[in-house]
Amino acid sequence: MICKENNLLHNNLGIKENNLTFAGYDTVALAKKYGTPLMLLDENKIRNTMRTYKSAMQTYFGNDSVPLYASKALSFVGIYQIAKEEGINTDIVSIGELYTAIKAGFPLERAFFHGNCKTDYDIEYAIDNGIGFFNVDTYDELYAINKIAGSKGIKQKILLRLTPGIDPHTHAAISTGKVDSKFGTAIETGQAMEITKVAISLENIDLRGFHCHIGSQIFEIEPFCDAADIMIKFIDDVRAETGYEAEYLNLGGGFGVRYVESDPVIDYTDNIRRIAEHINSYCEENDLHKPKILMEPGRSMVADSGMTIYTVGSVKEITGYKNYVAIDGGMSDNPRYALYGSQYTVLCANKMNDEASYECTIAGRLCESGDLIQENVKIPKVQRGDNIAVLVTGAYNYAMASNYNRVPRPLVLLLGNEERVAIRRETPEDVSKLDNIL
Ligand SMILES: *Cc1c(COP(=O)(O)O)cnc(C)c1O
């Protein structure tokens with residue numbers, strides 16, 4: 001939703017005197033208090049989004065439908081605590097995320113382990129900690145889980161990840177549902193049917209259903225409806241050939257998020273309602289059994305609940321070329337422009353009422369010419385010491401942060417009824433803590 005009063009990108013943004021507010025807090029005051037780069041998270045908005053997904057899915061898909069938070073978007077102890085409190089499930093993709101969820105006291109029977117190359121160590125670690133489901137990508141993994149589960153005398157619940165052959169027209173690097181993908185097994189080639197038969201036959205595997213994830217930052221519902229049709233048809237083909245009836249269909253994540261003014265405003269409840277209506281009528285018309293539907297949003301659960309505040313370190317004007325505004329962070333806390341040319345909205349947090357007529361490129365502090373946050377944006381004229389706000393950084397920013405150049409990672413502050421440090425600022429000692437003195 002656009003904030004009506006001041007026309008800012010999202011309704012948790014505002015202006016107080018000349019400063020940008022976020023979740024009701026003065027971002028410039030927070031920058032002074034905690035230092036920069038500073039990542040802010042709007043706790044109430046995260047909780048509201050989780051509730052929106054949960055209630056929309058239960059209303060339109062049925063009570064046994066539940067969202068999984070795809071925690072690769074932003075993983076830290078507090079977010080699993082919030083997901084647990086809000087009664088939703090979670091996806092994890094590594095033992096690091098799994099360990100973080102354990103530390104948060106997240107009930108692991110509600111966790112799904114994803115990824116296209118789980119090691120024996122990962123599998124064993126997850127089983128030993130009582131993981132709910134594995135989302136299985138390949139034969140190699142299927143056999144490995146069967147063997148390890150057998151050695152522990154259990155039957156492990158899994159979903160099989162399939163590629164329905166959908167191209168959702170997003171950036172190639174974030175599109176995953178096509179046949180030619182490193183993820184999942186293709187339906188089109190007949191291989192999905194083969195792996196399903198193998199999964200059913202394995203003694204220590206408890207196949208509960210199927211999964212697909214077609215991509216990310218998708219604004220239309222048609223790709224989801226098309227994927228659902230193909231998956232539900234496949235589930236019926238499996239029933240016809242083997243008698244096996246899938247319990248779950250996981251439709252993945254991928255709903256789009258509004259990063260810039262030109263992106264549409266998305267109503268997640270309405271999207272889920274329309275996808276559910278489509279699935280219901282598809283199943284009715286074709287006399288097909290409707291599985292329990294799962295969805296696993298990552299980006300849309302946290303992206304617009306986050307923003308990053310930086311401090312300007314230098315302004316450089318190259319006569320006849322362009323202007324660079326350098327900030328005290330960069331691709332080490334937000335690599336998405338360098339990776340995919342992602343768009344962001346940039347504001348000067350302490351000059352919100354000044355005219356945004358200074359065209360410049362926002363550059364990071366890392367020793368890499370590609371270390372840019374955004375090119376050719378318009379902000380008020382800034383100088384060293386001003387605060388730059390980059391909006392909608394909740395997803396795939398901190399999660400993708402690195403210590404390139406041994407730059408310490410930012411502090412993450414959770415803003416709810418009170419301010420809580422969710423991840424403390426890294427120090428130079430942290431950055432070298434794994435090094436041995438030779
Ligand atoms: C990344 C990913 C998600 C989350 O996607 P978003 O676009 O962040 O909603 C969900 N499922 C799988 C398997 C993923 O890889």
Side-chain angles (χ1 to χ4, degrees), residues 1-2 4 9-12 44-70 73 83 86-91 110 112 159 164 166-170 177 209-236 246-259 263-305 392 394-395:
M1 263 173 285
I2 305 169
K4 298 249 164 42
L9 196 67
H10 291 283
N11 62 2
N12 57 350
N44 293 327
K45 194 173 173 78
I46 293 174
R47 288 182 185 276
N48 283 336
T49 310
M50 289 179 176
R51 284 173 203 168
T52 299
Y53 266 105
K54 189 176 175 189
S55 91
M57 288 185 63
Q58 295 194 332
T59 305
Y60 299 111
F61 290 126
N63 276 340
D64 36 24
S65 232
V66 59
L68 284 53
Y69 167 55
E86 296 302 332
I88 67 168
N89 295 357
T90 191
D91 279 356
R110 284 172 26 203
F112 290 63
L159 301 182
I166 299 286
D167 182 354
H169 306 293
T170 55
F210 300 97
H211 166 278
C212 65
H213 171 71
I214 54 176
S216 199
Q217 191 62 351
I218 303 167
F219 287 105
E220 309 84 44
I221 64 154
E222 286 71 27
F224 293 99
C225 295
D226 293 349
D229 291 356
I230 293 167
M231 296 295 287
I232 290 170
K233 171 79 175 43
F234 175 77
I235 287 172
D236 193 56
E247 179 182 354
Y248 291 104
L249 169 58
N250 184 335
L251 290 175
F255 279 166
V257 163
R258 190 161 198 255
Y259 285 94
D263 287 334
V265 176
I266 293 204
D267 180 338
Y268 299 115
T269 300
D270 194 54
N271 273 12
I272 289 168
R273 180 185 62 74
R274 284 155 63 213
I275 294 170
E277 276 173 8
H278 172 87
I279 290 176
N280 291 343
S281 59
Y282 180 80
C283 289
E284 261 170 45
E285 278 162 28
N286 298 288
D287 198 21
L288 298 172
H289 171 78
K290 195 185 95 183
K292 294 173 187 166
I293 305 288
L294 305 174
M295 288 183 116
E296 44 188 25
R299 184 190 307 280
S300 57
M301 260 190 193
V302 291
D304 57 15
S305 294
V392 195

| Approximate separation, where rounding is to 0.5 Å, of Ile88 CD1 and Met295 CE | 13.0 Å

| message | Using modelled atom types and a 3.5 Å cut-off, is there a donor and acceptor pairing between side-chain atoms of Asn286 and backbone atoms of Leu288? | response | no

| field | Closest contact, heavy atoms only, Phe224 versus Gly253 | value | CE2-O, 3.4 Å

| task | Step by step, work out the side-chain contact (heavy atoms from CB on, under 4.5 Å) result for Ile279 and Lys290. | result | CA-CA 8 Å; Ile279 290 176; Lys290 195 185 95 183; 4.0 Å; yes

| field | N/O donor-acceptor pair under 3.5 Å between His10 side chain and Arg258 backbone | value | yes

| Point-to-point distance, once rounded to the nearest 0.5 Å, from CE of Met231 to CG of Asp226 | 13.5 Å

| field | Side chain proximity check, Met57 to Ile272, heavy atoms < 4.5 angstrom | value | yes

| message | Measuring only between side-chain heavy atoms, which start at C-beta, is Lys45 closer than 4.5 Å to Asn48? | response | no

| field | Test side-chain contact (heavy atoms from CB on, under 4.5 Å) applied to Thr269 and Tyr60, step by step | value | CA-CA 9 Å; Thr269 300; Tyr60 299 111; 4.0 Å; yes

| note | Heavy-atom closest pair (Ala73 atom, Arg299 atom, distance to 0.1 Å) is CB-N, 4.0 Å

| query | Does any non-hydrogen side-chain atom of Leu9 lie less than 4.5 Å from one of Tyr259? | reply | no

| From Ile293 atom CD1 to Leu249 atom CG, the distance as rounded to the nearest 0.5 Å | 4.5 Å

| task | Find out whether Phe255 and Ile218 are in side-chain contact, i.e. whether some heavy atom of one side chain is under 4.5 Å from a heavy atom of the other. | result | no

| Residue pair Arg273, Tyr268: steps toward the side chain to side chain donor-acceptor pair (under 3.5 Å) verdict | CA-CA 8 Å; Arg273 180 185 62 74; Tyr268 299 115; over 6 Å; no

| request: Grab the two heavy atoms, one from Ile235 and one from Ala246, that are nearest each other, plus how far apart they are. | output: CG2-CB, 3.9 Å

| message | Donor-acceptor check, side chain of Gln58 to backbone of Asp64, threshold 3.5 angstrom: yes or no? | response | no

| Nearest atoms (heavy-atom pairs only) where Pro164 meets Ile230 | O-CD1, 3.4 Å

| message | Can you confirm if the aromatic rings of Phe210 and Tyr248 lie within a centre distance of less than 6.0 Å? | response | no

| Does the gap between the ring centers of Tyr53 and Tyr69 come in under 6.0 Å? | no

| Spatial distance of atom OH (Tyr282) from atom CD1 (Ile275) [nearest 0.5 Å] | 15.5 Å

| query | To the nearest 0.5 Å, how far apart are NE2 in His278 and CG in Asp229? | reply | 3.0 Å

| query | Does the Ser300 side chain pair with the main chain of Pro297, one donor and one acceptor, at a distance under 3.5 Å? | reply | no

| task | To the nearest 0.5 Å, tell me how far Ser305 OG sits from Asn12 CG. | result | 6.5 Å

| request: For residues Val257 and Gln217, determine if any side-chain heavy atom of one lies less than 4.5 Å from a side-chain heavy atom of the other. | output: yes

| Heavy-atom pair with the smallest gap, counting every atom of Arg110 and Ala83 | NH2-O, 4.0 Å

| Passing option when Glu296 is tested against Thr90, Asn89, Asn250 for side-chain hydrogen bond (donor to acceptor under 3.5 Å, both in side chains) | Asn250

| message | Looking at every heavy atom in both Ala395 and Val302, which two are closest together, and how far apart are they? | response | CB-CG2, 3.9 Å

| task | Tell me, yes or no, whether the heavy-atom count around Lys233 atom NZ, taken from other residues, nucleotides or ligands under 6.0 Å, exceeds 12. | result | no

| query | Is Glu86 paired with Lys54 through a side-chain N to carboxylate O contact shorter than 4.0 Å? | reply | no

| request: Determine whether Leu251 and Leu294 make a side-chain contact, defined as any pair of heavy atoms from C-beta on separated by less than 4.5 Å. | output: no

| query | So, does Ser65 use its side chain to make a donor-acceptor pair with the main chain of Phe61 at under 3.5 Å? | reply | no

